[in-house]
Participant: 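Structure below; questions to follow.
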2 protein chains.
Amino acid sequence: MADTKARILHATGELFRRQGYTGTGLKQIVAEAGAPFGSIYHFFPGGKQQLAAEVIRSSGRAYQDLVVALLDASPDPVVAIETSFAAAAETLVATGYADACPIATVALEVASTDETLRAATAEVFAGWVDAGTDRFVRWGFATPDARRLAIALITSLEGAFLLCRAARSTEALDAAAGAVVAAVRAAQQT
Amino acid sequence: MADTKARILHATGELFRRQGYTGTGLKQIVAEAGAPFGSIYHFFPGGKQQLAAEVIRSSGRAYQDLVVALLDASPDPVVAIETSFAAAAETLVATGYADACPIATVALEVASTDETLRAATAEVFAGWVDAGTDRFVRWGFATPDARRLAIALITSLEGAFLLCRAARSTEALDAAAGAVVAAVRAAQQT
DNA sequence: GTCTATACACGGATAGAC
DNA sequence: GTCTATCCGTGTATAGAC
């Protein structure tokens, strides 16, 4: 079965998002995916670490596409940012504050404990920054400003996710969006 | 020994910061603290969860005091923010990108898995927001603006920590500080 | 070539020795 | 009252049955 692998990747992504890396067991993954235990080592000979690396890259890329699609929907950066943060808030509420960033929890867990996986998360974030920079360049910003704004957008979103999930409130997403908008307007005036 | 408890709390805080909640074992904690295993259940009858709750509150409070002291050092909010983010970057580099927020990793791990600990992290963040709001009020901002700026400050710092630890670079802290400064200046002009 | 049963270490927790 | 030895479950990984 080729799509057994896809089911494992998908189930692992969902569990990592909610429970993190060390908090998710391989047995729980195969149970969720409806796959036999041996399939993990068939498709991922490197075990949990290899599975995690592939999940980080695939779910990281999927989330990048989702956010870029949201940003592309508006020709005005301020509107794009506000609608994107509002959409993130809606998703958060709709999923009981579970579905935020798919790799943030794992990224913090592995940052000082697993060099291979840390590098995988760094690649994903670097891709997000590059994609965001492209958007801001198309909105008319010079490349250095565009990169700073892209990073500010991502860090604000990630930090807001943290506070929102802890507090079970979307207030932080509103405040964070305001800061990004202020940074965009400040860059527009130069 | 009364300070056995303090050593356990301190060791747990250090390990949680680097490895998270599920990634840190009780045996590792007592080894690091130089304490016998039974001490954990002597001082924390509720086991790992109770220990974690106390660590979240104590290290969360300690970090709040540290950041507030940094913010208090400057009468100008923009200078205070820039020096605080710069200090965070220095600490990050000095510790090999290990010492960032003491509770962020744990907060994400427990947000959807342990209601008791989620509430503890929410309390800590709420305290940070209140303390930050006080600072901005003293800098002359109206309370609603002050609260929004405090949240923007915290979310930017947290999100930047995530990207910095993953990328092993302090670039994100610079960009995040810029966004907070822009938000402060925008609020000053109203 | 797929999957099940098992190995072995480590997780949290506890009971009882001192 | 402090600490050690142990319990049972779960963790990852593997070997071998089919």
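When reading the values below, keep in mind they use all heavy atoms of this one structure, side chains included, and skip hydrogens, waters and symmetry mates. We name chains A, B, ... by the order of the sequence lines, and we start the count at 1 in each one.
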Participant: How many Å lie between CG on A/Leu51 and P on D/dA13, as a whole number?
Facilitator: 10 Å
Participant: Name all residues meeting the side-chain hydrogen bond (donor to acceptor under 3.5 Å, both in side chains) criterion together with A/Arg61; count only those two or more places apart in sequence or in a different chain, and write none if there are none.
Facilitator: A/Asp65
Participant: Look at the aromatic rings of B/Phe136 and B/Trp139 and report parallel, tilted or perpendicular, splitting at 30° and 60°.
Facilitator: perpendicular
Participant: How close or far is atom C1' of D/dG11 from atom CD1 of A/Ile29, stated in whole angstroms?
Facilitator: 12 Å
Participant: Output every pair passing salt bridge (Lys or Arg N to Asp or Glu O under 4.0 Å) with a member in residues 48-58 of chain A, not counting sequence neighbours, ordered by first then second residue.
Facilitator: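 Matches after skipping sequence neighbours: A/Lys5-A/Glu54, A/Arg57-A/Glu123.
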Participant: Which residue pairs satisfy the side-chain hydrogen bond (donor to acceptor under 3.5 Å, both in side chains) criterion with at least one member in residues 104-115 of chain B, sequence neighbours excluded?
Facilitator: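 Output for this query lists A/Arg165-B/Ser112, B/Thr22-B/Glu109, B/Gln49-B/Asp114, B/Glu115-B/Arg118.
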Participant: Just the rounded figure in Å: distance from C1' of D/dT12 to CD of A/Gln50.
Facilitator: 15 Å
Participant: Output the rounded distance in Å from CD1 (A/Ile40) to P (D/dG11).
Facilitator: 12 Å
Participant: The criterion is side-chain contact (heavy atoms from CB on, under 4.5 Å); which residues satisfy it with A/Val181, sequence neighbours excluded?
Facilitator: A/Val78, A/Ile81, A/Glu82, A/Arg185
Participant: Let me have a per-nucleotide readout for nucleotides 4-18 of chain C, 5' to 3', with B, S or -, counting only protein heavy atoms under 4.0 Å.
Facilitator: BB-----BBBB----
Participant: Ignoring hydrogens and angles, write down the donor-acceptor pairs under 3.5 Å from the side chains of residues 141-163 of chain B, residues two or more places apart or on other chains.
Facilitator:
| from | atom 1 | to | atom 2 | distance (Å) |
| --- | --- | --- | --- | --- |
| B/Asp145 | OD1 | B/Arg148 | NH2 | 2.9 |
| B/Arg147 | NE | A/Glu171 | OE2 | 2.6 |
| B/Arg147 | NH2 | A/Glu171 | OE1 | 2.9 |
| B/Arg147 | NH2 | A/Glu171 | OE2 | 3.4 |
| B/Thr155 | OG1 | B/Ile151 | O | 2.9 |
| B/Thr155 | OG1 | B/Ala152 | O | 3.1 |
| B/Ser156 | OG | B/Ala152 | O | 2.8 |

